[in-house]
Amino acid sequence: MDLSAVGRAVLIAREGRRLEAYRDSVGVWTIGIGHTAAAGPPVPRAGLRIEAGEADAIFTRDVAAFVRTVAETIPEPLPQHAFDALVSLCFNIGPPAFRRSTVLRRLRAGDRAGAGEAILMWNRPAAIIPRRQGEFDQFRTPYETALPRARRSDAQPVAAPVERPSSPSSARPGWRARLRDWLRAGR
């Protein structure tokens, strides 16, 4: 499995995008979209600045390792929304902690509902609780039912990314759609 476009958008919303290095809520130097020294270069430090495109490229590289960790450790395929929620959790707590987690132990025991509840056990510092609630909701709720919120307390869900057509011919609307648009324009 891979992180979906919706999962990617929600994870970016949870992490935020900061182009100047800062210390996160537990004092770890961070830059871009949740990038820390633990993920590799560049090593965030005071005064470090990056461009938006560089932040996106670093995030793409970083998130691949977390996707791999989740895909290699879960015992069976999960629905996309649940997989994406676990990638978000793993991104935040790190692969070693994810591999030791009650979330993964419960999944391996066949207790999917209990695994979802175990997401909420990762509740320190207290500022992380709204994110965990968002991950829990995302784990339980199919995207067809409701798009996820970055945090349960957010007023709106994260906007679904626009899927781009894969070929130019599929980008053109059919003759019925063109006729409908033409008629609506009053021609």
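Residue indices begin at 1 and follow the sequence shown.
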Q: Could you walk me through whether Thr69 and Arg99 pass side-chain contact (heavy atoms from CB on, under 4.5 Å), step by step?
A: CA-CA 8 Å; Thr69 297; Arg99 286 187 191 99; 3.6 Å; yes

Q: Would you list the pairs meeting side chain to side chain donor-acceptor pair (under 3.5 Å) in which at least one residue belongs to residues 83-94, sequence neighbours left out?
A: Ser4-Asp84, Arg14-Ser88, Gln80-Asp84, Asp84-Tyr143, Ser88-Arg131, Ser88-Glu135, Asn92-Arg132

Q: Within a strict 4.5 Å, meaning less than it, do heavy atoms of the Cys90 and Pro95 side chains meet?
A: yes

Q: Output yes when a side-chain donor or acceptor of Arg140 lies under 3.5 Å from a complementary backbone atom of Gly116, and no otherwise.
A: no

Q: Is it possible for you to say whether Ile119 and Leu107 belong to one hydrophobic cluster, with membership spreading through side-chain heavy-atom contacts below 4.5 Å?
A: yes

Q: Pairs in or reaching into residues 100-121: which pass ring-ring contact (aromatic ring centres under 6.0 Å, His included), with residues at least two apart or in two chains?
A: none

Q: Of all heavy-atom pairs between Ile33 and Ala55, which one has the smallest distance, and what is that distance?
A: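 Of all heavy-atom pairs spanning Ile33 and Ala55, the closest is CD1-O, 4.1 Å.
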
Q: Which distance, rounded to the nearest 0.5 Å, do you find between the CZ of Arg17 and the CD1 of Ile31?
A: 12.5 Å

Q: Ile12, Leu147: one ILVMFWY side-chain cluster at the under-4.5 Å cut-off?
A: no

Q: Any link between Leu11 and Ile74 through a network of hydrophobic side chains (Ile, Leu, Val, Met, Phe, Trp, Tyr) touching at under 4.5 Å?
A: yes

Q: Show the nearest heavy-atom pair for residues Ala159 and Ala9, with the distance to one decimal.
A: O-CB, 4.3 Å

Q: Is there a path of hydrophobic side-chain contacts, each under 4.5 Å between heavy atoms of I/L/V/M/F/W/Y residues, joining Leu86 to Val6?
A: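 The answer is no; the residues belong to distinct hydrophobic clusters.
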
Q: Please, which pairs that meet side chain to side chain donor-acceptor pair (under 3.5 Å) have at least one residue in residues 24-42, sequence neighbours excluded?
A: His35-Asp62

Q: Please confirm whether the backbone N or O of Asp154 pairs with a side-chain atom of Arg149, one donor and one acceptor, at under 3.5 Å?
A: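 Judged by distance alone, yes, a pair lies under 3.5 Å.
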
Q: Nearest 0.5 angstrom please: Leu120 CG to Ile128 CD1, how far?
A: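 These two atoms lie 12.0 Å from each other.
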
Q: By the side chain to side chain donor-acceptor pair (under 3.5 Å) test, which pairs, at least two apart or in different chains, include something from residues 106-126?
A: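 Listed once each, the pairs are Glu76-Arg112.
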
Q: Hydrophobic clusters here meaning ILVMFWY residues chained together by side-chain heavy-atom distances under 4.5 Å, can you tell me if Val103 and Val87 are in one?
A: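 They do share one cluster, since a chain of ILVMFWY contacts under 4.5 Å joins Val103 to Val87.
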
Q: Does some side-chain heavy atom of Pro148 sit less than 4.5 Å from a side-chain heavy atom of Asp137?
A: no

Q: Specify the closest pair of heavy atoms between Val158 and Ala150, including all atoms of both residues, with the distance to one decimal.
A: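 Looks like CG2-N, 3.9 Å.
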
Q: To check you understand the geometry: which heavy-atom pair defines the closest contact between Thr73 and Leu104, and what is its length?
A: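 Looking at all heavy atoms of both residues, the closest pair is O-CD1, 3.4 Å.
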
Q: If you look only at pairs with a residue in residues 82-120, which of them pass as a ring-ring contact (aromatic ring centres under 6.0 Å, His included), with sequence neighbours excluded?
A: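 For residues 82-120, and leaving out neighbouring residues, the ring-ring contact (aromatic ring centres under 6.0 Å, His included) pairs sorted by first residue read Phe59-Phe91, Phe66-Phe91.
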
Q: Hey, could you give me the CD1/OG distance between Ile129 and Ser153, rounded to the nearest 0.5 Å?
A: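 Output value for this atom pair is 11.0 Å.
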
Q: Considering all heavy atoms of both residues, which atom of Leu48 and which atom of Pro44 are nearest to each other, and what is their separation?
A: CD2-CA, 3.8 Å

Q: Among all residues two or more places apart in sequence or in another chain, which pass the side-chain contact (heavy atoms from CB on, under 4.5 Å) test with Thr141?
A: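 Partners of Thr141 under the side-chain contact (heavy atoms from CB on, under 4.5 Å) test: Thr145, Ala146.
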
Q: Between Pro42 and Ile58, which heavy-atom pair has the shortest distance, and what is it?
A: CD-CD1, 3.5 Å

